[in-house]
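Chain naming here is simple, since letters A, B, ... match the order of the sequence lines and numbering starts at 1 in each. These figures come from a predicted structure and were not determined experimentally.
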Protein chains: 2
Amino acid sequence: MDKAQAVAGIGLFAGLGAKELAALAGIAEVRRFGRGEDIFFSGDPAEGFFSVASGKVRIYQTSLAGKEHIVHVFGPGEVFAEVAVFAGGVYPASAQALEAGDYLFFPRERFRRLLADDPDLALNMLGLLSMRLRQLVKKLEDLSLREVPARLAAHLLLLGAESKKKLLSLDLPKGQLAAYLGTIPETLSRVLRRFADDGLISLSGSAIEILDAGRLEALAAGTAAGTPPFGPAAR
Amino acid sequence: MDKAQAVAGIGLFAGLGAKELAALAGIAEVRRFGRGEDIFFSGDPAEGFFSVASGKVRIYQTSLAGKEHIVHVFGPGEVFAEVAVFAGGVYPASAQALEAGDYLFFPRERFRRLLADDPDLALNMLGLLSMRLRQLVKKLEDLSLREVPARLAAHLLLLGAESKKKLLSLDLPKGQLAAYLGTIPETLSRVLRRFADDGLISLSGSAIEILDAGRLEALAAGTAAGTPPFGPAAR
DNA sequence: AGCCTGCCTTGACTTACGTCAAAAACGGGG
DNA sequence: CCCCGTTTTTGACGTAAGTCAAGGCAGGCT
């Protein structure tokens with residue numbers, strides 16, 4: 001793979017000059033991870049951050065009891081673990097490749113040196129961190145004040161908005177999606193079924209079609225108590 | 001109150017020169033809020049960020065059903081809503097003064113201009129955002145993979161570590177603490193009682209003494225299933 | 001003192017969601 | 001095409017924690 005090209009495709013580096021990009025490419029190390037391979041674990045010393053050239057990573061946390069929660073999933077062009085650069089110490093969560101792919105690693109100190117000379121880069125980084133913060137606050141809200149059906153509804157609508165087609169395929173295997181929504185596969189499965197039974201969606205294999213976006217939105221917004229059990233249909 | 005002095009006491013501005021501090025004081029507007037007064041609401045256009053000169057704020061979210069979740073509580077010297085500066089749009093949560101006090105407001109655009117000329121400030125800001133991110137990730141983990149007793153135990157230990165005295169008084173009224181831990185007053189009350197019954201803490205009015213830090217730590221770390229219902233004592 | 005208002009606690013009940021276990025469904029190799 | 005491992009689904013069940021509804025226990029005010 002072409003390192004320079006990969007660097008140029010990173011959103012965080014948008015708007016930077018050719019010289020800066022070259023410098024960044026200079027300090028980046030290519031690393032390849034296979035499907036399911038661990039990139040780092042929560043608690044590992046944080047020595048730099050990564051970007052995805054190809055593939056998909058999940059950032060996740062585990063409890064001692066073995067439960068997992070997926071904080072975020074990143075794809076090509078995105079960076080992750082950038083928190084390592086400024087607040088040193090250890091990674092606050094684990095990262096694992098969901099699909100095989102190439103990643104770039106930017107070592108902390110060398111990156112900081114580039115940053116000092118490049119106000120644009122610093123600005124971009126500030127924007128990125130702010131966006132992340134915003135997302136996390138949103139996720140916190142979901143987790144603490146919304147129930148699973150509402151979270152799922154919101155996620156489906158999001159997927160629907162991204163792919164303009166009505167018929168959408170999940171971006172993650174269902175088990176992973178469950179962990180992303182802060183629940184377990186069994187519950188996800190049941191809620192999907194309930195949505196289908198109530199005519200909100202249609203399930204055909206792993207593809208999902210949104211039948212009633214309006215009701216889904218109501219569900220996503222309010223708490224489950226929009227209409228009695230769910231839809232207007234008798235139970 | 002003395003604006004210049006308040007600005008100098010802000011952690012985010014640590015290490016800046018006198019000139020920079022003066023410029024910051026120049027753009028800051030003093031605002032006073034009474035106890036319980038709203039500073040901004042989730043969804044309001046984000047036009048700048050705040051710092052606390054005196055008093056205490058809570059950053060919180062509400063569901064349509066009226067439930068509240070406290071994301072963070074800030075005291076003197078801390079800044080909040082800084083996400084507004086870089087990722088514009090609207091505030092992602094609401095802010096309310098828990099105690100009457102003076103606040104400084106830094107308008108977005110003017111602050112950005114200062115930032116452009118001041119790499120140290122940008123660096124500090126990056127550090128701050130990173131720290132926040134770290135905290136939020138931690139909170140996410142708590143909420144999604146730990147139960148209320150574990151969260152409470154962790155919080156008590158934290159309070160205990162801060163005040164070197166064994167006898168600690170809560171930093172928040174219990175109802176607020178409940179919202180901070182992602183639960184409701186009733187549940188908090190019950191769990192505290194259970195802790196007391198099991199000899200982990202002693203409750204005298206609103207003061208709490210940690211009796212068995214070891215068992216509290218075990219609780220905070222693992223899931224509730226460390227020792228059968230709770231302690232080794234029979235039920 | 002007395003009263004009121006807000007906060008905290010307690011009890012009985014409900015429920016969303018997790019656990020455990022087993023059956024289906026799926027998806028490649030061979 | 002069949003077999004095996006993984007993923008998904010379904011069912012029966014358990015439980016943490018939320019809801020609803022009374023009380024207690026302040027502390028401030030008149």
Exercise. With a 4.0 angstrom cut-off to heavy atoms of chain A, pull out the first and last contacting nucleotide of DNA chain D, in 5'-to-3' order.
Key: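 The footprint of chain A covers D:dT8 to D:dA12.
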Quiz item: Is a side-chain donor or acceptor of B:Arg146 paired with a backbone partner of B:Glu141 at a separation under 3.5 angstrom?
Solution: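 Here the side-chain-to-backbone pair does not exist.
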Quiz item: Any sub-3.5 Å donor-acceptor pair from B:Ser144's side-chain atoms to B:Leu140's backbone N or O?
Solution: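 Yes; judged by distance alone, with no hydrogens or angles, the pair exists.
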Self-check item: Contacts of A:Asp171 that satisfy side-chain hydrogen bond (donor to acceptor under 3.5 Å, both in side chains) - sequence neighbours left out
Solution: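 By the side-chain hydrogen bond (donor to acceptor under 3.5 Å, both in side chains) rule, A:Asp171 matches no residue at all.
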Quiz item: Across the strands shown, which category fits B:Ser206 at heavy-atom distances under 4.0 angstrom: base, sugar-phosphate, nothing?
Solution: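 Answer is nothing: B:Ser206 stays at 4.0 Å or more from every strand.
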Practice problem: Tell me what A:Gly182 touches on the nucleic acid: a base, only sugar-phosphate, or nothing, going by heavy atoms under 4.0 Å. | Solution: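 The residue A:Gly182 makes sugar-phosphate contact but no base contact.
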Quiz item: What are the two closest heavy atoms between A:Ile184 and A:Ala178, and how far apart are they?
Solution: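 Nearest heavy atoms, A:Ile184 then A:Ala178: C-CB, 3.4 Å.
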Quiz item: Taking the six-membered ring for Trp, are A:His69 and A:Tyr180 ring centroids under 6.0 Å apart?
Solution: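 No, the ring of A:His69 stays outside the 6.0 Å limit from the ring of A:Tyr180, centre to centre.
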Quiz item: Does the gap between the ring centers of A:Phe50 and A:Phe74 come in under 6.0 Å?
Solution: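 Distance test on ring centres: not under 6.0 Å, no.
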Self-check item: Inter-end axis angle, the helix from C:dC8-D:dG23 to C:dG30-D:dC1, with every axis fitted to five base pairs (rounded, 10 degrees)
Solution: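 For the helix from C:dC8-D:dG23 to C:dG30-D:dC1, the axes at either end differ by 40°.
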Practice problem: Can you tell me which residue pairs pass the side chain to side chain donor-acceptor pair (under 3.5 Å) test with a partner in residues 33-58 of chain A, sequence neighbours excluded? | Solution: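 Every side chain to side chain donor-acceptor pair (under 3.5 Å) pair that includes a residue of residues 33-58 of chain A, provided the two are not neighbours, is A:Arg58-A:Glu68, A:Arg58-A:Gln96, A:Arg58-A:Gln176.
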Quiz item: Which of residues 172-181 of chain A sit near DNA chain C, with a heavy atom under 4.0 Å from it?
Solution: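 Going residue by residue through residues 172-181 of chain A, none turns out to have a heavy atom under 4.0 Å of DNA chain C.
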Check nucleotides 10-13 of chain C against the protein and report each pair of N or O atoms closer than 3.5 Å, with its distance, or say if there are none.
from   : atom 1 : to       : atom 2 : distance (Å)
C:dT10 : OP1    : B:Arg193 : NE     : 3.2
C:dT10 : OP2    : B:Arg193 : NE     : 2.8
C:dG11 : N7     : B:Arg190 : NH1    : 2.9

Using atom [atom1] of [X] as one end and atom [atom2] of [N] as the other, report the distance to the nearest whole Å.
X        : N      : atom1 : atom2 : result
A:Leu219 : C:dA16 : CG    : C1'   : 14 Å
B:Leu143 : C:dC17 : CG    : P     : 14 Å
B:Glu147 : C:dC17 : CD    : P     : 16 Å

Self-check item: A:Arg31 NZ/CZ over A:Tyr103 ring centroid, <6.0 Å and within 45° of normal
Solution: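 A:Arg31 over A:Tyr103 ring: no.
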